[in-house]
Amino acid sequence: MAASRTTPTRRVLDRLSLSERTFVADALRTETVGGVLLLLAAVTALVWVNVPALHDSYESVSHFRFGPAALGLDLSVAHWAADGLLAIFFFVAGIELKRELVAGDLKDPRTAALPVIAALCGMAVPALVYMLTNLTGGGSLAGWAVPTATDIAFALAVLAVIGTSLPNALRAFLLTLAVVDDLCAILIIAVFFTDDLNFAALGGALAGLAVFWLLLRKGVRGWYVYVPLALVVWALMYNSGVHATIAGVAMGLMLRCTRREGEERSPGEHIEHLVRPLSAGLAVPLFALFSAGVAVSGSTLAKVFTQPETLGVVLGLVVGKAVGIFGGTWLTARFTRASLSDDLAWPDVFAVSSLAGIGFTVSLLIGELAFEGDQVLTDGVKAAVLTGSLVAAVLATVLLKLRNAKYQALWAAEERDDDLDGIPDIYEQGDPAYHLRMAEIHERKAAEHRRLAEVAGGAGVGDDGPA
């Protein structure tokens, strides 16, 4: 009788591969620094607007216009930050998604299903929460997309501030969630916030993207070729009526993210490594500086919880995100018969899901687009985004701190490198060479201990005590 075969149980949020761990660590390191700058920029904006002596200067700088009017680019500083600088942010997001899908752990559809479904549920449920709140309260449904986005930089800054060492699997899960909903957010912007189309400019932008793609396929190199072309594509996309950040994500998705023989990094990884600091350290903080400036008062905060539009945003970020991501993850595991990693528990997933309720950068952008022309409601929605993100951060902090000792132990195990070869020991358990190196290290330590014991013993024999 043939022995029955047992299919190995697939693990949810299991340990990353070594290559994926290295990429995630590099990416999150930059995003964490950018997140701290983002926090500083947001605080600066709030202080700048709410100090009476400084308020007028903020308005003056924010609305100062410059740029070639003949090209339709005579824009305010705030407008340049939202349409120009955020194109860099979405360019990096496009590269991230392309790399994950063709070279990262998400190239396996079964592995990709979990974070993608969790991210989609984490967008659908907040939108549903917003719509139910406004249908019940008689508010506007225009802001349904505001609470759908996660700000990875802000979330990582919160982790840095509270000193939580999340295991790499949870950090990667959070990063992938943010990348997927950034892409979905840009699709929402393209589909739902495009009014009048200029087909000539749109045709020119598409032609420019085709040239960009052709140059990449031909292997043409040189920033002096691609940067001017990217600026032309961006300007045409802006004048087409489609949000200009679409150009950024489109060009990011075109880059090759698979390595060829002899390449240490693919072109996409190389360019991302160069551009990510510019995105995280300059583009996003400057956008926050000119978008987070909201006059805060007791009446403003009271309205956040009484107006249906603003209450819908807060509930969408705090409740919708946590329930949507956690529910999507649990249901995916349940119906694919996968089990959670032995190192983690479902409360850990809920804590990270709560952290994803920090929806700062893209939520502010969508809020400006959704209520364009109504400055009072726009400012109210901005205040709601700030409030909801703050509540989500506090909730996640409490939940993560309850398990912080466990996280620190997992983090230490993941980072341990006793043989000092630059590769964490946990990835070398099946390598005989690793065990030989460790045996040699232990033998040297044992020999040193024996020598010290002999020296101590010799000193004791010759000691006759006091005279």
Side-chain angles (χ1 to χ4, degrees), residues 24 26-50 58 61-62 77-93 96 146-164 166 171 174-175 177-179 181-182 185-186 245 248-249 272 275-294 296 313 317-318 321 352 354-368 381-397 400:
V24 168
D26 289 343
L28 296 185
R29 192 177 300 113
T30 304
E31 291 290 354
T32 301
V33 174
V36 174
L37 294 176
L38 178 63
L39 280 172
L40 292 174
V43 171
T44 300
L46 290 171
V47 171
W48 196 353
V49 166
N50 287 280
Y58 180 87
V61 173
S62 182
V77 170
H79 209 156
W80 275 111
D83 287 84
L85 292 177
L86 277 195
I88 301 173
F89 167 78
F90 280 110
F91 175 69
V92 173
E96 284 179 343
V146 176
T148 59
T150 295
D151 194 310
I152 183 64
F154 215 134
L156 292 173
V158 170
L159 290 178
V161 169
I162 66 177
T164 298
L166 275 187
R171 287 175 177 263
L174 184 61
L175 176 62
L177 286 174
V179 170
D181 76 13
D182 280 344
I186 205 69
T245 52
V249 77
E272 182 188 18
V275 179
R276 184 186 286 278
L278 178 63
S279 169
L282 181 66
V284 174
L286 280 178
F287 168 75
L289 181 64
F290 293 107
S291 292
V294 180
V296 178
V313 170
L317 289 172
V318 177
K321 272 290 182 182
V352 172
S354 300
L355 188 64
I358 300 174
F360 190 73
T361 305
V362 179
S363 292
L364 290 176
L365 174 62
I366 295 177
E368 291 179 355
V381 167
K382 286 183 178 181
V385 170
L386 293 172
T387 303
S389 297
L390 179 61
V391 173
V394 172
L395 174 62
T397 297
L400 291 170

Q | Minimal non-hydrogen separation, Val146 against Val381, with atom names | A | CG1-CG1, 4.0 Å
Q. What distance separates Glu96 CD from Phe91 CZ, expressed to the nearest 0.5 Å?
A. 11.5 Å
Q | side-chain hydrogen bond (donor to acceptor under 3.5 Å, both in side chains) partners for Ser279, two or more places apart | A | none
Q.
Has Ser354 got a side-chain atom pairing as donor or acceptor with Ala392's backbone, closer than 3.5 angstrom?
A. no
Q: Any chance you could lay out the side chain to side chain contact (heavy atoms under 4.5 Å, CB included) test for Leu317 and Ser389, step after step, and finish with the verdict?
A: CA-CA 7 Å; Leu317 289 172; Ser389 297; 4.2 Å; yes
Q. Where do Ala393 and Ile358 come nearest, in terms of heavy atoms and distance?
A. CB-CD1, 3.8 Å
Q: Please test Val394 against Val391 for side chain to side chain contact (heavy atoms under 4.5 Å, CB included), starting from the C-alpha separation and ending with a verdict.
A: CA-CA 5 Å; Val394 172; Val391 173; 5.8 Å; no
**Q.** For the student: nearest non-hydrogen atoms of Leu364 and Ser291, plus distance
**A.** CD1-CB, 4.2 Å
Q | All pairs passing side-chain hydrogen bond (donor to acceptor under 3.5 Å, both in side chains) where residues 147-161 contributes a residue, at least two apart | A | Thr150-Asp181, Thr150-Lys321, Asp151-Thr361
Q.
What's the separation between atom CG in Leu355 and atom OG1 in Thr397, rounded to the nearest 0.5 Å?
A. 7.5 Å
Q. Under the salt bridge (charged side-chain N to carboxylate O under 4.0 Å, His left out) rule, what pairs show up with a residue in residues 277-294, not counting sequence neighbours?
A. none
Q. Listed by chain and number, what are the ring pair (Phe, Tyr, Trp, His ring centres under 6.0 Å) partners of Phe154, not counting sequence neighbours?
A. Phe360
Q) Considering residues at least two apart in sequence or located in another chain, which fulfil the ring pair (Phe, Tyr, Trp, His ring centres under 6.0 Å) criterion with Trp80? A) Phe66, Trp234
**Q.** Pro147 backbone acceptor or donor facing Ser363 side chain under 3.5 Å
**A.** no
Side-chain polar contacts of residues 37-46 - donor-acceptor pairs under 3.5 angstrom, sequence neighbours left out - could you list them?
unit_1	atom_1	unit_2	atom_2	d
Thr44	OG1	Leu40	O	2.7

Q | Nearest-0.5 Å distance that lies between atom CG in Leu278 and atom CG in Leu85 | A | 8.0 Å
Q: Write down the atom of Ala185, the atom of Val362, and the distance for their closest heavy-atom approach.
A: CB-CG1, 3.6 Å
Q: Take Val294 and Val49 through the side chain to side chain contact (heavy atoms under 4.5 Å, CB included) test and state the conclusion after the steps.
A: CA-CA 6 Å; Val294 180; Val49 166; 5.9 Å; no
(Q) How close do Glu368 and Ala82 get, counting heavy atoms only, and between which atoms? (A) OE1-CB, 4.3 Å
Q: Check Leu289 against Tyr58 and note the closest heavy-atom contact, atom names and distance.
A: O-OH, 2.8 Å
Q. What distance do Phe90 atom CZ and Thr245 atom OG1 have between them, rounded to the nearest 0.5 Å?
A. 5.0 Å
